[in-house]
Amino acid sequence: MNGPDFSLTGRVAVITGGAGLLGVRHAEAIAASGGVPVLADIRADEAETYAASIAAAYGVPAAGVACDITRAESVQALLDSVLSRFGRVDVLVNNAANNPKVESPKQDFSRLERFTIEQWNADLAVGLTGAFLCARIIGTAMARQKRGVIINISSEYGVIAPDQRLYRKSGLADDEQPVKPVTYTVVKAGLHGLTMYLATYWADHGVRVNTITLGGVESGQPAEFLERAAAKIPMGRMARPTDFQGALVYLCSDAAAFVTGANVVVDGGKTIW
Ligand SMILES: NC(=O)c1ccc[n+]([C@@H]2O[C@H](COP(=O)([O-])OP(=O)(O)OC[C@H]3O[C@@H](n4cnc5c(N)ncnc54)[C@H](O)[C@@H]3O)[C@@H](O)[C@H]2O)c1
């Protein structure tokens, strides 16, 4: 029978930030398609707990592995542990990032004028340097075996600038209003640059590299924020954590065999409005 092949049977997928809100959903999507998710996170206990429950729910092997993606030796140890445990690595999802919840109450936020070099370095270390190190170390192993998939998880704020009016709080002076930090846009725009570079670099080594651009996810924000955010989205709501699973499985699978360097936007139409 001819037709697209969306199966991930037996494919081993490393998901950085695997214990986070969306990392767990990415892992579930891989497992539901027959793949073997490896949840790599600095929060090792949570990663192991989620991996165990995914393995039980989907009947596939899964692992939680402690990893700090800002350190090359930690990423190398992650790769070594995946290869010794499963004997292969097929997919890398660069998902970990510092993701400050500006819209939450009590968020102590730095405006651009006060944004410290320490915060800048910390955000770039996880979001960009971490993605680079994972691509260099795990992607090189894939290029050597002439097969692999890398997915960089970006955001609508890699394509459009944050509308800071969304985050305004009443009762605060203009220069005290919270803003989405500059690093978020820089990291997320940079990730698609990494995608394009790697996609061409490894195009003849069987490694496909793509970006998924996510719209903002509803996750307990105040009602006033949700209303303002939804009004800016053609489909009239923020994303659900499961909204990205179809795009992830597609890009990981052989159904996307000719797709590389693409930016797949899953945002309810927000960035076209
Ligand atoms: N939640 C959203 O609304 C949204 C929207 C668009 C894009 N995104 C992107 O999706 C991805 C996941 O977001 P999320 O909402 O699940 O965030 P999250 O904060 O829930 O998860 C991030 C995970 O990364 C881990 N992490 C942080 N530093 C690390 C390091 N040095 N090494 C390894 N792991 C580390 C954290 O422990 C955490 O488990 C991020 O790249 C984020 O920018 C999220």
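Sequential numbering from 1 along the given sequence is applied to the chain's residues. Order of listing sets the numbers, starting from 1, for every ligand and every atom in it. Note that this is a predicted model, so its numbers are computed, not measured.
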Checklist outcome for this item: ligand 1 to R43, heavy atom cutoff 4.0 Å, flagged ligand atoms 37 (O), 38 (C), 39 (O)
Next on the checklist: Under a 4.0 angstrom heavy-atom cut-off, which atoms of ligand 1 come close to C67?
Outcome noted: 32 (N), 33 (C)
Next on the checklist: Out of all atoms in ligand 1, which are within 4.0 Å of some heavy atom of I153? Include the element for each.
Outcome noted: 9 (C), 10 (O), 11 (C), 41 (O)
Checklist entry - Looking only at protein heavy atoms, which one is nearest to atom 30 (C) of ligand 1, and how far off is it? => result I69 CG1, 3.7 Å
Item to check | Nearest protein heavy atom with distance in Å, relative to atom 22 (C) of ligand 1 | outcome: A97 O, 3.9 Å
Checklist outcome for this item: The protein heavy atom nearest to atom 19 (O) of ligand 1 is N99 CB, 4.2 Å
Next on the checklist: Please list the nearest protein heavy atom to atom 12 (C) of ligand 1 with its residue and the distance rounded to 0.1 Å.
Outcome noted: N95 OD1, 3.2 Å
Checklist entry - What protein heavy atom is closest to atom 8 (N) of ligand 1, reported as residue, atom name and distance in Å? => result Y184 OH, 3.5 Å
Item to check | Test of proximity, N98 against ligand 1: N or O pairs below 3.5 Å | outcome: no
Item to check | ligand 1 to A40 polar contact by distance, N or O atoms, under 3.5 Å | outcome: no
Next on the checklist: To check your reading of the model: name the closest protein heavy atom to atom 34 (N) of ligand 1, its residue, and the distance in Å.
Outcome noted: I42 N, 3.5 Å
Next on the checklist: I want to know if ligand 1 touches L21 in the polar sense, i.e. an N/O pair below 3.5 angstrom.
Outcome noted: yes
Checklist entry - Looking at K188, which atoms of ligand 1 are within less than 4.0 Å of one of its heavy atoms? => result 40 (C), 41 (O), 42 (C), 43 (O)
Item to check | E218 side, atom CD; F225 side, atom CZ - distance, nearest 0.5 Å | outcome: 10.0 Å
Item to check | Any A19 heavy atom less than 4.0 Å from ligand 1 | outcome: yes
Checklist entry - Tell me: protein heavy atom nearest atom 37 (O) of ligand 1, and distance? => result D41 OD1, 2.6 Å
Item to check | Crowding at OH, Y50 (>12 non-hydrogen neighbours, <6.0 Å) | outcome: no
Next on the checklist: R168: which residues meet the salt bridge (Lys or Arg N to Asp or Glu O under 4.0 Å) condition with it, sequence neighbours left out?
Outcome noted: D174
Checklist entry - Should you measure from each heavy atom of T70, which atoms of ligand 1 turn up under 4.0 Å away? => result 31 (N)
Next on the checklist: Out of all atoms in ligand 1, which are within 4.0 Å of some heavy atom of S154? Include the element for each.
Outcome noted: 7 (C)
Donor-acceptor pairs under 3.5 Å, side chain of residues 195-203 to any protein atom, not counting sequence neighbours: which ones?
{"from": "T195", "atom 1": "OG1", "to": "N152", "atom 2": "ND2", "distance (Å)": "2.8"}
{"from": "T195", "atom 1": "OG1", "to": "L191", "atom 2": "O", "distance (Å)": "3.3"}
{"from": "T195", "atom 1": "OG1", "to": "T211", "atom 2": "OG1", "distance (Å)": "2.6"}
{"from": "T200", "atom 1": "OG1", "to": "M196", "atom 2": "O", "distance (Å)": "3.1"}
{"from": "T200", "atom 1": "OG1", "to": "Y197", "atom 2": "O", "distance (Å)": "2.9"}

Item to check | Donor-acceptor pair between T213 and N263 side chains, under 3.5 angstrom | outcome: yes
Checklist entry - Which of the numbered atoms in ligand 1 are below 4.0 angstrom from a heavy atom of A96? => result 24 (O), 34 (N), 35 (C)
Item to check | ligand 1 N/O within reach of L22 N/O, cut-off under 3.5 Å | outcome: yes
Checklist outcome for this item: among protein heavy atoms, the one nearest atom 5 (C) of ligand 1 is G215 O, 3.5 Å
Checklist entry - What are the atoms of ligand 1, with element, lying closer than 4.0 Å to any heavy atom of G20? => result 16 (O), 20 (O), 21 (O), 39 (O)
Checklist entry - Does the side chain of R71 reach to within under 4.5 Å of the side chain of V75, using non-hydrogen atoms? => result no
Item to check | Options D68, V24, L214, ranked by nearest heavy atom to atom 31 (N) of ligand 1, top entry | outcome: D68
